[in-house]
Amino acid sequence: MAEHEPTPEQLAAIAAENEDGEAVNYKPPAQKSLQEIQELDKDDESLRKYKEALLGSTSVAADPNAPNVQVTRLTLMCETAPAPLTLDLQGDLESFKKQSFVLKEGVEYRIKISFKVNKEIVSGLKYVQQTFRKGVKLDKSDYMVGSYGPRPSEYEFLTPLEEAPKGLLARGTYNIKSKFTDDDKHDHLSWEWNLNIKKDWKD
């Protein structure tokens, strides 16, 4: 199989095709605590009801030692997969570097991120994913997740539908570096995992 591995030149060409030079000129708003937002315009009944609808009427009793944003799971959503492909992001993140998700070439899939917001509103959450093969960065994707307030239940974010690469040169192991961040550039969680593109699910 070694003779079908892509050359460094081919990998560099793929990386160049995926390069996105557009810069986003965006300035995040000043951060306000949940209490400050609830205190603002509290005499305005319509605004109070609007904020209650957005933020909920009761405060969330969170563990004071818990981080504001907890990323709990990554799930590879693919209708044709023989079994769910899930990473528990509250466990040993280092172990993911030693194992691989198997993904059949050419299938359509999405990535679902499950997360919790425990204490304060977080603005401009973003999921950043960089894909490497043999140490060469092939692609970088930034997904705007949005702004969320605290609540006891988890939120879920789905990436747009993507198609796995296919063909002899596309098959092999891809190293993926994922990061969940926000407008203030807080690194809520970073982890690495591997995707193995094969001819079939059990090739």
Side-chain angles (χ1 to χ4, degrees), residues 18 20 22-29 31-34 37 50-56 59-60 62-63 66-81 83-93 95-97 99-104 107-132 137-165 174-195 197:
N18 291 326
D20 185 5
E22 288 182 31
V24 179
N25 188 13
Y26 169 70
K27 283 191 173 178
Q31 183 74 23
K32 279 188 164 51
S33 73
L34 189 60
I37 289 168
Y50 176 65
K51 283 189 281 191
E52 197 171 289
L54 284 175
L55 305 172
S59 59
V60 178
D63 175 357
N68 189 38
V69 177
Q70 279 179 297
V71 190
T72 57
R73 275 184 319 285
L74 178 146
T75 309
L76 208 60
M77 312 280 289
C78 179
E79 288 182 5
T80 58
L85 305 169
T86 302
L87 290 179
D88 177 2
L89 297 175
Q90 296 182 296
D92 178 14
L93 300 182
S95 67
F96 300 144
K97 295 179 185 178
Q99 57 193 26
S100 292
F101 272 144
V102 172
L103 192 63
K104 182 182 174 183
V107 298
E108 291 188 325
Y109 70 96
R110 294 174 193 259
I111 291 172
K112 180 170 78 174
I113 307 285
S114 304
F115 64 97
K116 284 184 75 177
V117 179
N118 291 318
K119 301 171 188 173
E120 298 289 347
I121 292 168
V122 62
S123 62
L125 278 174
K126 190 164 59 169
Y127 173 59
V128 181
Q129 179 176 293
Q130 296 184 84
T131 305
F132 296 80
K137 184 165 81 170
L138 300 180
D139 187 33
K140 182 185 177 190
S141 301
D142 289 47
Y143 301 101
M144 186 50 76
V145 177
S147 300
Y148 295 84
R151 72 176 191 188
S153 56
E154 288 186 346
Y155 292 102
E156 290 179 347
F157 170 74
L158 271 173
T159 64
L161 203 61
E162 293 188 50
E163 186 180 295
Y174 295 77
N175 171 248
I176 298 168
K177 295 182 179 180
S178 293
K179 182 160 76 169
F180 210 61
T181 182
D182 62 24
D183 278 346
D184 296 321
K185 295 187 170 50
H186 291 132
D187 184 353
H188 298 294
L189 192 71
S190 292
W191 67 99
E192 285 186 42
W193 51 292
N194 299 302
L195 205 52
I197 305 293

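One-based numbering along the sequence shown. Only a predicted model underlies this, so the values are computations on that prediction, with no experimental measurement involved. Below, all heavy atoms of this structure are taken into account, side chains as well, without hydrogens, waters or symmetry copies.
Taking the six-membered ring where the residue is Trp, the centroids of F132 and Y174 are separated by 6.0 Å or more. Aromatic rings of W193 and F101 (six-membered ring for Trp) have centroids within the 6.0 Å cut-off, being under it.
Closest of all the heavy-atom pairs between F96 and D88 is CZ-O, 3.2 Å. Taking every heavy atom of both residues into account, N68 and K119 meet most closely at OD1-N, 2.8 Å.
Residues V102 and L85 are not in side-chain contact: their nearest non-hydrogen atoms beyond the backbone lie 4.5 Å or more apart. Between L158 and M77 the shortest side-chain heavy-atom distance falls below 4.5 Å. Contact of the D142 side chain with the Y127 side chain is not registered, since no non-hydrogen atoms from C-beta on lie closer than 4.5 Å.
If you check the side chains of Q130 and K137, you find a donor sitting under 3.5 Å from an acceptor. With no hydrogens or angles considered, no side-chain donor-acceptor pair links S178 and E192 at under 3.5 Å. Remark: the T75 side chain and the R73 side chain contain no N/O donor-acceptor pair separated by less than 3.5 Å.
The neighbour count for E163 CD, taken as heavy atoms of other residues, nucleotides or ligands under 6.0 Å away, is above 12.
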* Chi angles and distances behind the side chain to side chain contact (heavy atoms under 4.5 Å, CB included) call for Q70, Q90 -> CA-CA 9 Å; Q70 279 179 297; Q90 296 182 296; 3.9 Å; yes
* Criterion side chain to side chain contact (heavy atoms under 4.5 Å, CB included) on N118 and V69, from CA distance to verdict -> CA-CA 6 Å; N118 291 318; V69 177; over 6 Å; no
* Criterion side chain to side chain contact (heavy atoms under 4.5 Å, CB included) on L195 and L76, from CA distance to verdict -> CA-CA 10 Å; L195 205 52; L76 208 60; 3.8 Å; yes
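Salt bridge annotation for K112-E156: present, with a cationic side-chain nitrogen under 4.0 angstrom from a carboxylate oxygen.
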